[in-house]
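Just so we're on the same page: letters track the sequence lines, and every chain starts at 1.
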Protein chains: 4
Amino acid sequence: MKAHKAPNSARRNEQSRQAILTATRELIAEVGYAKVTIEAIASRAGVGKQTIYRWWPSKGFVVLESFVALIETEEGAVELPDTGDIEADLKLVMRETMEEFATPAFEAPIRALNTEIINDPALAEAYNEKLAAPTDEVMRARLRSARHAGQLSPDADLDLMAEMLYGPLYQRWLLRSGPLTPEFADGLVEAVLRAFGPRA
Amino acid sequence: MKAHKAPNSARRNEQSRQAILTATRELIAEVGYAKVTIEAIASRAGVGKQTIYRWWPSKGFVVLESFVALIETEEGAVELPDTGDIEADLKLVMRETMEEFATPAFEAPIRALNTEIINDPALAEAYNEKLAAPTDEVMRARLRSARHAGQLSPDADLDLMAEMLYGPLYQRWLLRSGPLTPEFADGLVEAVLRAFGPRA
Amino acid sequence: MKAHKAPNSARRNEQSRQAILTATRELIAEVGYAKVTIEAIASRAGVGKQTIYRWWPSKGFVVLESFVALIETEEGAVELPDTGDIEADLKLVMRETMEEFATPAFEAPIRALNTEIINDPALAEAYNEKLAAPTDEVMRARLRSARHAGQLSPDADLDLMAEMLYGPLYQRWLLRSGPLTPEFADGLVEAVLRAFGPRA
Amino acid sequence: MKAHKAPNSARRNEQSRQAILTATRELIAEVGYAKVTIEAIASRAGVGKQTIYRWWPSKGFVVLESFVALIETEEGAVELPDTGDIEADLKLVMRETMEEFATPAFEAPIRALNTEIINDPALAEAYNEKLAAPTDEVMRARLRSARHAGQLSPDADLDLMAEMLYGPLYQRWLLRSGPLTPEFADGLVEAVLRAFGPRA
DNA sequence: TCTTAATCGAGACGGTACGTCTAGTCTTCTG
DNA sequence: CAGAAGACTAGACGTACCGTCTCGATTAAGA
C-alpha cells in the first residue's frame with residue numbers, strides 16, 4: 001500500500017472540496033454507500049477524479065470527512081440532558097441513541113463507515129478521533145457531573161462506564177444480534193449503575 | 001436482489017465444495033478478505049466460477065461456511081473453565097478471548113465476516129445462528145452454573161450479562177477504539193460482577 | 001511491451017467481432033482516426049472493452065483488420081486493366097490511384113493506419129502482408145504480362161519497377177510534398193518505362 | 001481547431017526556449033516519440049507547461065523546431081560529393097542515406113516527425129519548407145551539375161528524378177515494406193539513370 | 001445398460017469501476 | 001509582470017472482477 005501524501009494544500013480549491021463532500025453525502029443517501037463510486041462523486045460534484053485522488057487516500061476518508069464537515073456545522077449544542085437524575089437521563093439518551101440507529105438516513109452511512117473502518121486502521125484512527133471521541137466526551141461529561149453530585153461511586157472509572165453503556169448497544173446494532181428495545185436500554189443502564197453507583 | 005435458490009444438492013460434488021472452502025480460507029489468510037475475489041477462489045480451487053455462484057448467494061456466505069466447516073470439525077471441546085470462582089474464570093476467559101482477537105490468523109477472517117455482516121442482514125442472521133450463538137451459549141452455561149452456586153444474584157439477567165462482557169471488548173477490537181489490555185478485561189469483569197453479584 | 005497472446009479462438013463470438021469492425025469503420029469516418037478510442041468502439045459495438053483487448057493488441061490492428069475485412073468482401077475483381085498498351089494502362093491506374101488518395105473516405109483511414117505503422121513494426125508487418133502485398137501483386141501481374149508481350153525488357157526487375165511507380169506517388173501524398181497532378185503521374189510512368197522498356 | 005496565435009515575442013525568454021528544444025530532443029532519444037509528453041518536456045526543461053503552449057501550437061512543432069535548430073547550427077557543409085561520375089556519386093549518397101535511416105539516433109526523431117506530419121498539413125508544410133526542401137535542393141544541385149556535364153539528358157526533369165530516387169527508398173524505410181540493402185540502392189540509381197540518361 | 005439431464009471446468013461475454021495518465025486551461029506566488 | 005509551479009476539469013487508458021452465458025465432458029439416476 002502506497003502511503004497517501006497530500007500535496008501542499010495552500011493551492012487547494014475550497015469550492016471543489018465542498019462540492020465533493022456534498023455530492024458524497026447526497027449519493028450515500030440516494031443509492032447507499034456500497035454503490036457510491038469515486039466516479040459518481042466526481043461526476044456529481046463536477047470535478048475531475050484526480051482531484052479526489054489528490055486529496056483523499058480512499059473513499060472511506062471522503063465519507064468520513066463529509067460527515068465530520070456536517071457535524072462541525074451544527075456544533076455547540078452537543079450536550080447531554082442533565083436533570084439531576086442520572087438514571088433517567090441515561091435511559092433517555094440510550095433510547096434516543098437507539099432510535100437514531102434505527103433511522104435509515106443515519107444508519108446507512110454509519111454502517112458504511114464501519115465497514116471500511118474494520119479493514120482500515122488508518123481510517124479507524126481518524127474515525128475515533130473525529131467522530132467517536134467527541135461523542136464519548138459528551139457522555140463522560142455527564143457522568144462526571146453525576147459523580148460530582150454523588151450519584152456515582154467517587155472512584156468510578158468513567159471511561160469504562162461509557163464503554164459498558166455503548167458497547168452492548170453498538171454490538172446489537174452493528175451485528176443485528178438482538179432487537180433494540182427500550183427494555184434492553186433500561187436494563188443496561190440499571191446494570192451499569194449498579195456497578196458504578198455510590199454503594200459499590 | 002434475487003433470492004438465491006440452491007438447486008437439488010443430490011448431484012453436488014463434495015470434492016469441489018471442500019476445495020472451494022479450503023481455497024477461501026487460504027486466500028483470506030494470504031491476501032486479506034478485501035482482496036479475495038470469486039475468480040481467485042475458483043481458480044485456486046480448480047473450479048468453475050459457476051459452481052460457486054450455483055451454491056452460494058454471495059462471497060460472505062462462502063466465507064461464513066468455510067469457517068463453520070472449520071469449527072464443526074473441532075466441535076465438542078467447547079466449554080468454559082469452571083473452577084468454582086466465577087471472577088477468576090471470567091477474567092481468564094476474557095484475557096484468552098482478547099489474545100485470540102490479537103492473533104492475525106484469527107483476526108483476519110473474523111474481521112472479514114464482520115465486514116459483510118454489517119451490510120447484509122441475511123448473512124448476519126446466519127452468522128449469529130451458526131457462529132455467535134454457540135459461543136454465547138457456552139458463556140451463559142458458565143454463568144448459569146455461577147448463579148446456581150450463589151455467586152450471582154438469583155434474578156441476574158444472564159443474556160444481558162453476557163452482552164455486557166462481550167460488547168465493550170468487541171467494540172474496542174472491531175473499531176480499534178482502545179487497546180486490549182488485561183487491565184481492561186479485569187476492570188470489565190469486576191464491574192459486571194458488581195452489577196450482577198449476590199448483593200445486587 | 002507485452003506480447004499479445006490471442007486466446008483460443010474456438011469460443012470467439014463472431015457477431016461481436018463483426019460489430020467491432022463495423023463500429024471501427026464508422027467511427028473513423030465520423031470523427032477521424034485520431035479521435036477514435038477503444039472505449040467508443042466498444043460502446044458503439046455494444047461490446048465490453050475487454051473483448052477488444054482480448055483479441056487485438058492495439059487500436060492499429062483493429063483498424064487494419066476492419067479494412068482487410070472490407071476488402072476481402074469485394075475480392076475477386078481486383079485486377080488491373082490490360083489493353084495491351086502498358087503505358088496507357090499504367091497511366092490510367094496511377095491516375096485512379098491518385099484520385100483514390102484524394103477521396104476523404106479513403107484518405108482518412110489510410111493516413112491513420114500509416115501513422116500507427118511508422119512506430120509499430122508488428123503492425124507494419126501485418127499491414128504489408130494483408131493490404132500492401134495484394135495490391136503490389138496485382139501490379140506485378142500486369143507488369144509480367146507486359147514483359148511477356150515484349151513491352152518491357154526481358155530482365156526488368158518488376159519488384160523494383162513497382163516500387164518506383166508507387167514510391168514517389170506515395171511520398172507526395174503522405175508527406176504532402178507536392179501536388180498529385182495527372183502530369184506527375186504521366187511523367188512518372190514515362191520515366192519508369194524508359195528505365196525498363198525493351199530498348200534498355 | 002483554434003488557430004495558434006504566437007504572442008509578442010519581444011518578451012520571450014530565450015533560455016527557456018533552448019531548454020525546451022533540448023529537453024525535447026533528449027526525451028525523444030530516450031523514450032521514443034510516442035511516449036514524449038508535454039508535461040515531461042516541461043518538467044525536464046524546468047519550465048511551466050504554459051510556456052510551451054504559449055509558443056508552440058502542438059507537440060509536432062516543438063519537435064520540428066528542435067531539429068531545425070539542431071541542423072541550423074551545423075549548416076554550410078551540406079553538399080553532395082561531385083567526382084564527375086554521377087552514377088558513382090548517387091550510389092554513394094543513396095547508401096549513406098540508407099545508413100542514416102538505420103541509425104537509431106536519426107531514425108527515432110524522423111519517424112516521430114513523420115507521424116505528426118501525416119495528420120497535420122500545417123506541420124507538413126513547415127517540414128517540407130524547413131527540412132525537406134534544403135535536402136532536395138542539394139540533390140538537385142548535383143543533378144544539375146551532371147546534366148551540365150552531359151551525363152543526363154538535356155531535358156531531364158530533375159525534380160521528378162529526385163523524387164524517383166528518394167521515393168522508393170523512403171517508402172521502404174517508413175513502412176518497412178522491404179530491406180534497405182546496397183543492391184536495392186544500386187538498382188534504383190541504375191534504373192533512374194536509364195530513364196534520364198543522355199540517350200533517353 | 002442406456003439414456004438423459006444436471007453438474008462440472010473452462011472461459012468468453014457485456015459491463016462497471018478502478019486508479020493512473022495526459023491534455024490543455026486557469027490560478028497563485030515568486031524573482 | 002512574465003514565468004515556474006502546479007491544481008483544475010475532462011476523459012481515455014488498460015486492468016480487474018462482476019455475474020451471466022455458452023461450451024463440451026463427466027457423471028449419477030432412473031428407465
> Which residue, Arg25(C), Lys35(C), Arg44(C), forms the salt bridge (Lys or Arg N to Asp or Glu O under 4.0 Å) with Glu30(C)?
Replying inline: Arg44(C)
> Could Lys59(B) and Tyr33(B) be counted as a cation-pi pair, given that NZ or CZ must be under 6.0 Å from the ring centre and within 45° of the axis?
Replying inline: yes
>> Tell me whether the NZ or CZ atom of Arg12(C) lies within the 45° cone about the ring axis of Trp56(C) and under 6.0 Å from its centre.
In response: yes
>> Is there a side-chain contact between Thr51(A) and the phosphate of dT9(F), meaning an N or O under 4.0 Å from OP1 or OP2?
In response: yes
> Does a nitrogen or oxygen in the side chain of Trp55(C) sit under 4.0 Å from OP1 or OP2 of dG11(E)?
Replying inline: no
How long is the line joining [atom1] of [X] and [atom2] of [N], in whole Å?
| X | N | atom1 | atom2 | value |
| --- | --- | --- | --- | --- |
| Arg44(A) | dA10(F) | CZ | P | 15 Å |
| Ile41(D) | dC21(E) | CD1 | P | 18 Å |
| Gln15(B) | dT7(E) | CD | C1' | 14 Å |
| Trp56(D) | dG3(F) | CH2 | C1' | 14 Å |
| Glu14(A) | dC8(F) | CD | P | 11 Å |
| Lys59(C) | dG14(F) | NZ | C1' | 14 Å |
| Ile52(A) | dC8(F) | CD1 | C1' | 13 Å |
| Asn13(D) | dA5(F) | CG | P | 12 Å |

>> On DNA chain E, does the nearest nucleotide to Lys35(A) precede the nearest nucleotide to Gly46(B) from the 5' side, or the other way round? Give the residue.
In response: Gly46(B)
> Hey, which of these two, Thr37(A) or Lys49(B), hits DNA chain E nearer its 5' end, going by closest nucleotide?
Replying inline: Lys49(B)
Choose from [options] the nucleotide whose nearest atom is closest to any side-chain atom of [X].
| X | options | result |
| --- | --- | --- |
| Ser16(C) | dG14(E), dC8(F), dC13(F) | dG14(E) |
| Val47(D) | dA17(E), dA4(F), dC17(F) | dA4(F) |
| Tyr53(A) | dG9(E), dA23(E), dC18(E) | dC18(E) |
| Arg54(A) | dC18(F), dG3(F), dC8(F) | dC8(F) |

>> Judged by each residue's nearest nucleotide on DNA chain F, which is more toward the 5′ side, Glu39(A) or Glu39(B)?
In response: Glu39(A)
> Which residue lies toward the 5' end of DNA chain F, Ile38(C) or Ile38(B), if each is placed at its nearest nucleotide?
Replying inline: Ile38(C)
>> Using the side-chain contact (heavy atoms from CB on, under 4.5 Å) criterion, which residues pair with Asn119(C)? Sequence neighbours excluded.
In response: Arg111(D), Thr115(D)
> Does Glu39(C) pair with Lys49(C) as a salt bridge, N-O distance under 4.0 Å?
Replying inline: yes
>> Between the side chains of Arg17(B) and Glu65(B), is the shortest nitrogen-to-carboxylate-oxygen separation below 4.0 Å, so that they form an ion pair?
In response: yes
>> Does atom CD (Glu125(A)) have a neighbourhood of more than 12 heavy atoms from anything else shown, all under 6.0 Å?
In response: no
What N/O pairs connect the protein and nucleotides 22-27 of chain F at under 3.5 Å? Give each pair on its own line.
from	atom 1	to	atom 2	distance (Å)
dC23(F)	O2	Arg11(C)	NH2	3.2

>> Minimum heavy-atom separation for Ala124(C) and Leu175(D), please, with both atom names.
In response: CB-O, 3.8 Å
